[in-house]
Amino acid sequence: MAGLLERAVTSGPGRAVAGRLGLAEPPHLRRGRALPAGPVVLASLAGSDLAARSLAILGLAPGSPVLDGTLLDGTVLDGTGEDPAPAYQGHIGALVVDARGLVTIAGLEKLRAVLRPAMRALEASGRVVLLADADVEGPEASAVHQALDGINRTVGKELRGGATTNLVHIPSDLDPGDLASTLSFLLEGRSAFVDGQAWTVGPSSSLASALPKSALAPEIPGASGRFGSEGADEGGEERHAPLAGRVVVVTGAARGIGAQIATVAARDGATVVCVDVPAAGEPLAALANQLRGSALQQDVTSPEAGERIAAHVASRHGGAGIHGMVHNAGITRDKLLVNTDARRWSQVLEVNLAAQLRINQALLDGRAGGITDGGRLVSIASTSGIAGNKGQANYAASKAGVIGHVRALAPELAGRRITVNAVAPGFIETEMTAKIPFVQREVFRRANSLGQGGQPVDVAETICYFLQPASGGVTGQVIRVCGQNLVGQ
Ligand code: NAI
């Protein structure tokens, strides 16, 4: 039950007081497969056509494209005048900036010129997507590469109304098909709580470029290429099934984030195997039935957990094996290190880290019901594993360990076209975080650029972006789903 203070600030008069204390209602975030309502504006700053070609694969013909800070109709964007003319007509839904080839400090002015008017013109839950070179050489180009990161992080902190910005690093000669699943994820509401982040999309030897357009493009009824609306998307989840015919295993699926991962994977067409401890057998079975998947009561710390998962998949779901293995099961046993005994230490490291390594080893040895070539491994880390967190030395160790494991395994498995990635959630509204005392919870919840806690579905959507066959070029990455949490790194 909500505490006294929580009830006070959520009541009518309490809300007014909370607003004055800086606890105003956070913005509503566009979620799901919905594209922005307004046009997607494309700015190519140094002659790259990659973004344009990738948007075309998604069926998105950009509105008002800009080149070098000049609209195609000749309007110069945001000159240095005191009161520049509005550069974009009305609101825009998203600004995609293709900054590949931008290697000089002077060239950064072009980025300022297209970003500045967008800061005002971007609609609520709008998007800025920056594309930059992954590999640069020379001191000035390296400085510019890092400058783009600083700009991305700052824009995230300055945008309002639930709008976000993210930066994608791209190696030279990337096939536009390899970028499409990432652009689609970033523009849609699926990336609602991913803000101020940077990651790399590389070439894929997987199916991405061979996929039919329909496997990548969002299908919004009534959308003519570049437009879509949240309303139009309601109730239409079954239209799009990139995971059809594929088995996805989710540990810790009985509740919280795991239950949402299973639900979103099933929405995307997967046959889901829901794994959790026997004590959670009832909600586990109910969820598996609801999703038309199967339930496996299995403690992930058992030495035979990997073998049992493979045997279950082989017997219940035929010989196809596992496409996606999602290591979500996790626990906390928080105490200051000075009070952390060996039991609290080992419990957390066992469930959150050691179990994943053992299960992966078993599922990767080629056995029936194991992970198929071209498959996906996804782990849940945490911002605590990146920035550390007082009272969580065991948890931070386990989650930082997950990140180390993912980065080491990705290049090892590249030859089998298996990708390995992690999400690092910040504050997500679940039973785990509901136990945090209200005032502390409210501080965690608000201390990010979006002014609110994330929902389990936000983590689930990012995981399902990794799981997509079209995301074969995304590996060894850690994406924070934290609304650009302001604490720590
Ligand atoms: P939760 O406590 O609501 O759910 C965890 C699930 O894992 C439960 O169903 C539990 O029965 C299961 N589980 C625990 N030990 C298990 C074991 N040995 N074998 C099989 N299943 C087991 O947790 P929540 O919030 O949904 O978290 C899910 C994951 O996300 C965890 O790895 C957690 O560390 C991580 N995370 C959560 C954040 C949050 O804000 N809620 C933030 C950062 C990371």
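Whatever order the structure lists them in is the order used to number ligands and atoms, beginning at 1. For clarity, every value in this text was computed on a predicted model and none was experimentally measured.
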Whether F185 and Y465 hold their rings parallel, tilted or perpendicular, with breakpoints at 30° and 60°: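 Answer is parallel, since the angle falls under 30°.
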Salt-bridge contact D365-R367 (side-chain N to carboxylate O under 4.0 Å):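 Answer for the salt bridge query: yes.
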R33/D268 salt bridge by N-O under 4.0 Å criterion: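 Result for this pair is yes, salt bridge flagged.
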Listed partners of D135 passing salt bridge (Lys or Arg N to Asp or Glu O under 4.0 Å), at least two apart: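 D135 satisfies salt bridge (Lys or Arg N to Asp or Glu O under 4.0 Å) with no other residue.
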Non-neighbouring partners of E158 that pass salt bridge (Lys or Arg N to Asp or Glu O under 4.0 Å), sequence neighbours left out: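 If we apply the salt bridge (Lys or Arg N to Asp or Glu O under 4.0 Å) test to E158, skipping adjacent residues, there are no hits.
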Every residue of the protein that comes under 4.0 Å of ligand 1, judged on heavy atoms: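 Under the 4.0 Å cut-off, ligand 1 touches G252, A254, R255, G256, I257, D276, V277, Q298, D299, V300, N328, A329, G330, I331, V351, I380, A381, S382, Y395, K399, P425, G426, F427, I428, T430, M432, T433.
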Within residues 450-464 or reaching into it, pairs that qualify as salt bridge (Lys or Arg N to Asp or Glu O under 4.0 Å) - sequence neighbours excluded: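 Matches after skipping sequence neighbours: R31-D458, R267-E461.
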